[in-house]
Amino acid sequence: MQVLQNYINGAWVSSQCSSTKAVINPANGEVLAQVPYGEATIQDVANAVAAAQAAYEEWKRVPVLRRIQPLYKLKQLLEENTDEIARLITLECGKTFAESKGELQRAIENVEVACGAPMLMQSEFLENIASGIDEYMIRQPLGVTACIAPFNFPAMISFWFLPYAIATGNSMIVKPSEKVPLTMMKIFELVEQLDLPKGLLNMVHGGKESVDAILEHPDVKSISFVGSTPVAKYIYAKGTAHGKRVQAQGGAKNPVIILPDADVEMTTQIITDSVYGCAGQRCLAASVIITVEDNGNMRDALYAAAQNRKTGFGLDAGVEMGPVITPESKQRIEDLIALSEKEGGSLLLDGRGASISNFEQGNFLRPSIIENLPLQSSLMKTEIFGPVMTLLSMKTIDDAIAFVNGNNYGNMACLFTSSGSSARKFRNEAMAGNIGINIGVAAPVAQFPFSGWKESFFGDLHGQGKHAIEFFTQTKVVVERWPKEWTRKF
Ligand code: NAD
């Protein structure tokens, strides 16, 4: 069985760590590879940081117009290899092939935006702040940066950071999720074809040990993390305690309000795609659906659409929903569905116990819908991260917005309506960082920051767009005087 190598200092090298963890296809339980996992990955991190530090010293002097040239080639290589990368995403992560291709497209869009670094890094200049004195601000890179990624978007999430980090003059270490390292392995095979200094981009495998080594290393200047809220909190606390700049995106439980004036057919389609797409393993998956003054039509339509969703192996034609990532994850979701009943909810649709023929070892669930869950129940505040809709009904938009604002998470909130004034009220009052109006997955395009709030984000500057440019640069302000009488005469 293949033991995955790290990519350090421009070469594929075996880990110093001999213990490994299996990378498993969630659709059939097949072991795809072994990934280094354990204490000794600490040494891998030390080697990667040393290489990244040396590369940074060279790279920061390369003009920004030249630094973006390899990114154009990276975009081309990602496009040429889309099908192969998407297939790998489906094999190790479980989502459908179409979802995998969509994810990769989002990664490529971030490469495109980072190519704008020569414009985006431009700064401020104020002439004559005092007599004969000018003042201006320049943006300079940080040094060695690190990205720690979750399992659910093996390609896209590192690209919220990676292209911006190098376009602005930094080096980077990527630590993919140990559950899905194969996608990033393939992407680094493409990185190898770019004309980059050795050590500029490195990949190290592992889990908590390698992450802790990154957090503690004095030469790592910033951490870009995406994952669950408890780990995001830990990364933020520990990273900042070690003097690093940290952006840490956490979990979610996204509410969606449906007003009585919403179009039933369109709303049903969009919301079921949001709840059950990627088997609910999206930080922007709709989770709690709140109908306002529903006469029953919306409930019936959501039920029918959920029930008809085709579950199966993501590479098979016609499949709309793949498995969840691990057997433990499946068990956790099934336990939470059971908890919903204990806490007073009822099951309109029970997706537990799914078995897909020829994929009996897979971690499959079918769509579930929980109704009547009390607002004070613990499940109402728990991220399920699986194909489960919680359906509530409320009397007014104000009640529904109050519920949205009581949410401990703030990744996304959406409204479905045909009323401009309701939409405007919601946009203004809803306390979440990504807002959808008649949109089910309000994922910002690469030009905009991915704006989680509350327990969904720890830090100041988010991934993507101008926020990423700001995150990966430090500002330097220059106050300058050139007295005429000091100018040498030639
Ligand atoms: P996770 O927190 O378990 O793991 C994320 C990364 O942290 C992995 O690389 C893992 O190796 C590492 N890690 C895990 N435990 C650690 C520990 N104790 N100490 C140090 N490092 C540790 O998350 P996951 O299960 O891979 O991903 C799913 C979660 O990510 C969900 O909660 C989802 O909502 C969230 N997510 C959020 C966003 C967002 O933009 N807010 C996007 C995608 C996923």
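Counting from 1, the numbers follow the sequence of the chain as shown. First listed ligand is number 1; within each ligand, the first listed atom is number 1.
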Applying ring pair (Phe, Tyr, Trp, His ring centres under 6.0 Å) as the test, list every pair that has at least one member in residues 427-458; sequence neighbours left out.
W160-F450, F457-H462
Is it true that the side chains of N110 and Y164 contain a donor and an acceptor less than 3.5 Å apart?
yes
Ligand 1 contacted by S177 (non-hydrogen, < 4.0 Å):
yes
Cation-pi geometry met for K95 and F153 (6.0 Å, 45°)
yes
Exercise: do Y56 and K221 side chains pair donor with acceptor under 3.5 Å:
no
State whether any protein heavy atom lies less than 4.0 Å from atom 4 (O) of ligand 1.
no
Give the residue, atom name and distance (to 0.1 Å) of the protein heavy atom nearest atom 27 (O) of ligand 1.
P150 CB, 3.3 Å
F225 heavy atom under 4.0 Å from ligand 1:
yes
Measuring from the heavy atoms of L284, does anything fall under 4.0 Å of ligand 1?
no
Is W160 close enough to touch ligand 1? Criterion: a residue heavy atom under 4.0 Å from a ligand atom.
yes
If the contact criterion is a heavy-atom separation under 4.0 Å, does F450 count as touching ligand 1?
yes
Side chain, backbone, both or neither: which part of D212 comes within less than 4.0 Å of ligand 1 when only heavy atoms are counted?
neither
Just which atoms of ligand 1 are under 4.0 Å from any heavy atom in A149?
5 (C), 6 (C), 8 (C), 9 (O)
Any side-chain heavy-atom pair of P367 and L349 under 4.5 Å
yes
Going by the rule side-chain hydrogen bond (donor to acceptor under 3.5 Å, both in side chains), which residues pair with N438 if we only count those two or more places apart in sequence or in a different chain?
none
